[in-house]
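Input: a single structure, listed below in structure tokens.
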Amino acid sequence: MKTAIYPGTFDPMTNGHLDMVQRAVNCCDRLVVGVARSTPKNVWFSLEERVALVKTATASLPTVEVVPFEGLLVEFARELGALFLIRGVRAFSDFEYELQMALINRKLAPDVETLFLMPAEEFSYISSSRVREIAALGGNVGPYVTPEIEEALKRKIEERRETRDTPRRSAAGG
Ligand code: COA
């Protein structure tokens, strides 16, 4: 049984990530979407929220599992017995960073191979941070995420607005 991992931060998962998952399931028997806990990125969604959103988005794919991880990706791969890491290359600009990561991972774990897949062209310019930015500025993110994730983004924006405004209100009140 060939297990592959598709790792990422997924803050939140986009249709580009989903397109990658749909392509990757055809390359392995079991695809684990690995949701990274620790990330240098300033994430909007908690680990639990990111995992739940990926689970909902991939629910119709029976060979997909969604598992959070922390620490080295190659250690996570060893724990799962995964032989493949799947990464998406959207544009030439992704390549240098991806090559570096793949070579480091190969040095750390020579038995784990990185496979690069290309998402559909219509998703080649999407990233999670662009989707968050559009949503935060009131734009339509419908073409880029599932309806559940669009709703989650709306709720998150409301939540962030409330936490941002609450201290000001109490400061004004006190
Ligand atoms: N569709 C849409 N967006 C995509 C995409 C696709 N097909 N493929 C990549 N992206 C986006 C991501 O959403 C992300 O966007 P953002 O920066 O706006 O969030 C961006 O491309 C690049 O992502 P990247 O910086 O590669 O991070 P990641 O979130 O995909 O995941 C990990 C990086 C978690 C895989 C990596 O940090 C890791 O392996 N961490 C574990 C620690 C470790 O082992 N380190 C040593 C590795 S060298």
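We count ligands from 1, going down the list as the structure has it; atoms in each ligand are counted the same way.
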If you group Ile, Leu, Val, Met, Phe, Trp and Tyr by side-chain heavy-atom gaps below 4.5 Å, do Val54 and Val51 land in one group?
-> yes
Compare all side-chain heavy atoms of Leu153 with those of Pro12 and state whether any distance is below 4.5 angstrom.
-> yes
Taking the side chain as every heavy atom from C-beta outward, state whether Ile157 and Trp44 have any atom pair closer than 4.5 Å.
-> yes
Taking the minimum heavy-atom distance to atom 26 (O) of ligand 1, which of Glu98, Arg23, Arg87 ranks first?
-> Arg87
Counting heavy atoms not belonging to Arg106, are there more than 12 under 6.0 Å from its CZ?
-> no
Just heavy atoms, cut-off under 4.0 Å: does Tyr97 contact ligand 1 by side chain, backbone, both, or neither?
-> side chain
Under 4.0 Å from one or more heavy atoms of Thr9, ligand 1 contributes atoms 28 (P), 29 (O), 31 (O)
By number and element, which atoms of ligand 1 are closer than 4.0 Å to a non-hydrogen atom of Gly71?
-> 41 (C), 42 (C)
So, for atom 38 (C) of ligand 1, does the protein have a heavy atom nearer than 4.0 Å?
-> no
Check the surroundings of atom CZ in Phe116: do more than 12 heavy atoms from other residues, nucleotides or ligands lie under 6.0 Å from it?
-> yes
Closest non-hydrogen protein atom to atom 45 (N) of ligand 1, residue and atom name please, with distance?
-> Leu72 CD2, 4.1 Å
Options Gly88, Ser124, Ser129, ranked by nearest heavy atom to atom 18 (O) of ligand 1, top entry = Ser129
Nearest-option assignment for atom 9 (C) of ligand 1, heavy atoms, candidates Arg90, Gln100, Met20 = Arg90
Pick, from Asn105, Leu117, Ile104, the option with the minimum heavy-atom distance to atom 47 (C) of ligand 1.
-> Asn105
Has ligand 1 got any nitrogen or oxygen that is less than 3.5 angstrom from a nitrogen or oxygen of Leu73?
-> yes
Working for salt bridge (charged side-chain N to carboxylate O under 4.0 Å, His left out), residues Arg155 and Glu158 | CA-CA 5 Å; Arg155 284 197 302 275; Glu158 208 41 54; over 6 Å; no
Do Glu133 and Arg130 sit within salt-bridge range, that is, some charged N less than 4.0 Å from a carboxylate O?
-> yes
With the 4.5 Å side-chain cut-off for hydrophobic clustering, are Val21 and Val67 part of the same group?
-> no
Does a donor on one side chain and an acceptor on the other come within less than 3.5 Å for Thr114 and Arg87?
-> no
Under 6.0 Å from the NZ atom of Lys55, do we count more than 12 heavy atoms belonging to anything else shown?
-> no
Applying the 4.5 Å side-chain criterion to the ILVMFWY set and letting contacts propagate, would Val33 and Phe84 be lumped into a single cluster?
-> yes
Is there a protein heavy atom at a distance of less than 4.0 Å from atom 28 (P) of ligand 1?
-> yes
Name the closest protein heavy atom to atom 17 (O) of ligand 1, giving the residue it belongs to and the distance to 0.1 Å.
-> Lys41 NZ, 3.1 Å
Side chain or backbone of His17 under 4.0 Å from ligand 1, or both, or neither, by non-hydrogen atoms?
-> both
Write out the residue and atom name of the closest protein heavy atom to atom 48 (S) of ligand 1, then the distance separating them to 0.1 Å.
-> Met101 CG, 3.4 Å
Tell me, please: is Gly34 in heavy-atom contact with ligand 1, that is, under 4.0 Å?
-> no
So the atoms of ligand 1 within less than 4.0 Å of a heavy atom of Pro119 turn out to be 7 (N)
What distance do Arg50 atom CZ and Asp11 atom CG have between them, rounded to the nearest 0.5 Å?
-> 5.5 Å
List the closest protein heavy-atom neighbour of atom 3 (N) of ligand 1: residue, atom name, distance to the nearest 0.1 Å.
-> Ile126 O, 3.2 Å
Using distance alone, decide if ligand 1 has a nitrogen or oxygen within less than 3.5 Å of any nitrogen or oxygen in Ala36.
-> no
Options Gly8, Pro7, Gly16, Ser128, ranked by nearest heavy atom to atom 1 (N) of ligand 1, top entry | Gly16
Region of Thr14 that comes within reach of ligand 1 [heavy atoms, distance under 4.0 Å] = side chain
